[in-house]
Amino acid sequence: MRGDRVEIVVEAGDAPRTYEVTATKAGRRVEITNRRGVVEVSEVTRSGTPVRTARFMASRVLALVEHPADQVKPEI
């Protein structure tokens, strides 16, 4: 959903760096995958096609913070 956002804090030697991956259009979402020592954060379309991907070494990731989009429920 538009508004999904993930912040990644990575150890970069002298100081930690923060990266952000955001769902930029309606219908897109952000998915996180952790396999074989690599953390992969991707913005994907409704059909599952990746649009943007960021990869980080799992041993360097200090924090991974997910900020889901606000779900507004219509009143009945």
Side-chain angles (χ1 to χ4, degrees):
M1 298 192 69
R2 183 165 193 236
D4 279 354
R5 183 169 57 103
V6 175
E7 290 180 72
I8 306 101
V9 181
V10 180
E11 177 187 0
D14 56 339
R17 290 190 181 183
T18 302
Y19 298 94
E20 188 173 295
V21 177
T22 306
T24 55
K25 292 187 178 179
R28 292 189 180 168
R29 63 188 184 278
V30 180
E31 293 184 348
I32 301 168
T33 309
N34 185 0
R35 64 181 117 166
R36 303 191 101 183
V38 176
V39 175
E40 188 175 281
V41 182
S42 300
E43 177 185 359
V44 295
T45 61
R46 288 182 181 140
S47 62
T49 306
V51 178
R52 296 184 304 141
T53 301
R55 291 186 183 99
F56 305 94
M57 290 174 44
S59 61
R60 296 281 186 177
V61 174
L62 299 174
L64 201 77
V65 183
E66 295 181 66
H67 300 279
D70 292 330
Q71 298 275 338
V72 178
K73 294 182 181 178
E75 293 184 27
I76 299 175

For the atom pair [atom1] ([X]) and [atom2] ([Y]), what is the distance rounded to the nearest 0.5 Å?
X: Lys25; Y: Arg46; atom1: NZ; atom2: CZ; result: 11.5 Å
X: His67; Y: Thr22; atom1: NE2; atom2: OG1; result: 9.5 Å
X: Arg60; Y: Glu11; atom1: CZ; atom2: CD; result: 5.0 Å

Sequence neighbours excluded, which residues qualify as side chain to side chain contact (heavy atoms under 4.5 Å, CB included) partners of Glu31? Arg29, Val44
Only counting residues at least two apart or in another chain, list the ones meeting side chain to side chain contact (heavy atoms under 4.5 Å, CB included) with Arg55. Val38, Glu40, Thr53
Sorted by first residue and then second, give each ring pair (Phe, Tyr, Trp, His ring centres under 6.0 Å) pair with at least one member in residues 7-30; sequence neighbours left out. Tyr19-Phe56
Got a sec, which hydrophobics cluster with Val9, joining ILVMFWY side chains under 4.5 Å apart, including via others? Leu62
Just to verify, what does Glu66 make a salt bridge (charged side-chain N to carboxylate O under 4.0 Å, His left out) with, not counting sequence neighbours? none
Considering only heavy atoms from C-beta outward, does the side chain of Val39 approach that of Ile8 to under 4.5 Å? no
Any non-hydrogen side-chain atom of Arg52 less than 4.5 Å from a side-chain atom of Thr24? yes
The criterion is side-chain hydrogen bond (donor to acceptor under 3.5 Å, both in side chains); which residues satisfy it with Arg17, sequence neighbours excluded? none
Locate the shortest heavy-atom distance separating Ala23 from Arg28; write the atom from each residue and the value. CB-O, 3.6 Å
